[in-house]
Amino acid sequence: MFIFLLCISACFYILVVNNQKQGNEKTFDDTFALSFIKKYGGNTLSHLLFLQDKQVFSAQNDSVLISYRKRGNKYIVLGDPIGDEVQFEAALDEFIQFASDKRVTPIFYQASDRFMSFYHDRGYHFFKVGEEANVSLENFSIEGKKSAKMRTTKNKFLREGYVFSVEYPPFRSEFVNELTAVSNEWLADRKEKSFSVSSFQEDYIALFPISTLRDQTGRLIAFASLPSDYKDSETLSIDLMRYTNDSPSGAMDMVFLSTILWAKEKGYISCSLGMSPLSNVGTHKGAPYRERMAKYAFMNGCKFYNFKGLRSYKAKFATDWKPRYLVYKKSLLFLLVFQLILIVRKQPKQNQMSFVKKLINVKKAI
């Protein structure tokens with residue numbers, strides 16, 4: 001049991017963090033990806049496409065995109081497909097067949113519950129990896145006794161002269177330099193992650209609005225990038241978050257709270273705060289054994305990561321939670337855990353993060 005809990009704890013500490021030419025070759029660029037998402041709409045993970053650290057499968061006559069990375073004999077897909085929703089299941093079948101032809105097994109990480117019956121009918125197993133924290137902006141308010149602490153935080157920072165604002169691209173070079181300095185200070189001797197976790201790259205952050213918090217002297221002390229899913233009922237995500245070492249207690253609370261209120265004012269429907277690993281996993285008596293062991297790790301924590309603390313922090317703002325799953329077959333769960341660890345821990349290669357990067361994969365590539 002101890003080894004199992006250690007593996008799960010190590011995995012989710014990090015998670016909170018062969019290309020083979022065949023057929024038509026295209027190039028991936030931000031302009032195409034952005035136009036695709038604006039046309040069809042994305043989801044709360046689709047902005048991670050712009051990290052350009054994943055391969056992209058184009059299915060159903062270029063109407064659906066599935067992003068993934070190859071690891072060993074696995075294609076590890078991040079989240080659900082994006083594109084024409086009518087074609088999603090056909091696109092997944094197309095991708096599964098493509099993987100089968102390559103003698104590679106696809107697995108799906110942070111999949112929603114939308115396609116559970118689809119995966120079940122194709123022999124897949126499920127492991128709940130956590131829940132995504134979501135803020136329903138229509139229902140969010142800082143009025144009333146329950147939100148007294150939020151009002152206190154906001155009033156304190158405003159009274160002391162701190163200023164919140166949202167900057168829109170294109171950014172001035174001076175502003176990018178400020179963001180870089182804050183990010184470098186936050187990172188210290190840590191390394192950036194990849195795949196399911198955003199990283200600081202100038203090309204990446206240049207694509208989204210940035211919420212900022214400045215002190216009384218105008219110095220930038222905290223920021224967060226704000227990608228959108230571009231749907232009619234638009235969802236904003238609080239994505240890459242960084243702050244200085246000397247930022248006052250509650251600075252990120254102020255950024256979160258102010259961003260949520262700003263998004264509500266701008267007409268967004270909801271705001272995603274990202275996944276809370278192991279959150280609400282194995283809470284029922286009939287839950288699978290592995291999930292009940294994961295619950296034990298969540299409740300007791302370990303030296304690697306405070307799972308419960310992250311849930312508690314996001315719960316200050318979240319109004320609802322959406323389950324996320326690891327969908328797999330023909331694999332030991334432990335092996336998949338370590339493959340995910342290796343993928344997320346792999347530091348992005350800055351010299352490969354240009355605006356145009358070839359991602360050769362299948363008969364149709366982006």
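Along the sequence shown, the residues carry numbers beginning at 1.
- With sequence neighbours left out, the salt bridge (charged side-chain N to carboxylate O under 4.0 Å, His left out) criterion links E143 to no other residue.
- Applying the ring pair (Phe, Tyr, Trp, His ring centres under 6.0 Å) rule to pairs touching residues 134-158 yields F157-Y162, sequence neighbours excluded.
- Ring geometry for Y75 against F95 counts as tilted: the plane angle lies between 30° and 60°, on a 0 to 90° scale.
- Between the OG atom in S67 and the CG atom in L45 there is a gap of 8.0 Å [rounded to 0.5 Å].
- Between L48 atom CG and S237 atom OG the span is 8.5 Å, to the nearest 0.5 Å.
- Atom NZ of K231 has more than 12 neighbouring heavy atoms from other residues, nucleotides or ligands inside a 6.0 Å radius.
- Atom OH in Y119 sits 9.5 Å away from atom CD in E89 (nearest 0.5 Å).
- By the salt bridge (charged side-chain N to carboxylate O under 4.0 Å, His left out) test, R159 is found to be paired with no residue, residues two or more places apart in sequence or in another chain being considered.
- Using a 4.5 Å cut-off on side-chain heavy atoms (C-beta onward), L187 and R242 make contact.
- Note that the OG atom of S141 and the CG atom of L261 stand 8.5 Å from one another [nearest 0.5 Å].
- Within the 6.0 Å centre-distance limit, the rings of Y40 and F36 are counted as a close aromatic pair.
- In this structure a side-chain-to-backbone donor-acceptor pair under 3.5 Å is missing from K154 to L257.
- At least one donor-acceptor pair closer than 3.5 Å links the side chain of K193 to the backbone N or O of K191.
- Between D93 and Q97, the side chains place no donor N or O within less than 3.5 Å of an acceptor N or O (distance only, hydrogens not considered).
- For the residue pair S196 and L78, the shortest heavy atom distance occurs at CB-CD1, 3.7 Å.
- Taken together through direct or relayed side-chain contacts under 4.5 Å among Ile, Leu, Val, Met, Phe, Trp and Tyr, I142 and Y268 form part of one hydrophobic cluster.
- Between I205 and I210, the closest heavy-atom pair is O-CD1, 4.0 Å.
- With contacts defined as side-chain heavy-atom distances shorter than 4.5 Å, the pair L273/C271 qualifies.
- V86 and F88 are assigned to two separate hydrophobic clusters, defined by single-linkage of ILVMFWY side chains at heavy-atom distances under 4.5 Å.
- Residues passing the side chain to side chain contact (heavy atoms under 4.5 Å, CB included) test with T244, sequence neighbours excluded: V182, E185, R219, I221, D246, S247.
- Using a 4.0 Å cut-off between charged nitrogen and carboxylate oxygen, R114 and D80 do not count as a salt-bridge pair.
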| query | Given S198 and D239, is the side-chain hydrogen bond (donor to acceptor under 3.5 Å, both in side chains) satisfied, shown in steps? | reply | CA-CA 7 Å; S198 58; D239 180 35; 3.0 Å; yes
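- Residues V197 and E192 are not in side-chain contact: their nearest non-hydrogen atoms beyond the backbone lie 4.5 Å or more apart.
- The cluster map of Ile, Leu, Val, Met, Phe, Trp and Tyr, joined by side-chain heavy atoms under 4.5 Å apart, puts V163 and M254 in different clusters.
- In this structure, the side chains of K156 and E160 come closer than 4.5 Å at one or more pairs of heavy atoms.
- T212 places a side-chain N or O within 3.5 Å of a backbone atom of S165 that can act as its donor or acceptor partner.
- Using cut-offs of 30° and 60° on the angle between ring planes, the pair Y168 and W262 is tilted.
- When the side-chain hydrogen bond (donor to acceptor under 3.5 Å, both in side chains) test is applied to S211, the partners found at least two apart in sequence or on another chain are T259.
- Side chain of K70 to backbone of Q55: no donor-acceptor contact under 3.5 angstrom is found.
- Between Y243 and W186, the ring planes are perpendicular. Angles over 60° get that label, and only those under 30° would be called parallel.
- In this structure, CZ on F126 lies 10.0 Å from OH on Y328, to the nearest 0.5 angstrom.
- In terms of the salt bridge (charged side-chain N to carboxylate O under 4.0 Å, His left out) criterion, E265 has no residue partners (sequence neighbours excluded).
- Note on ring orientation: taking the six-membered ring where Trp is involved, the planes of F317 and Y313 are perpendicular (angle over 60°, cut-offs 30° and 60°).
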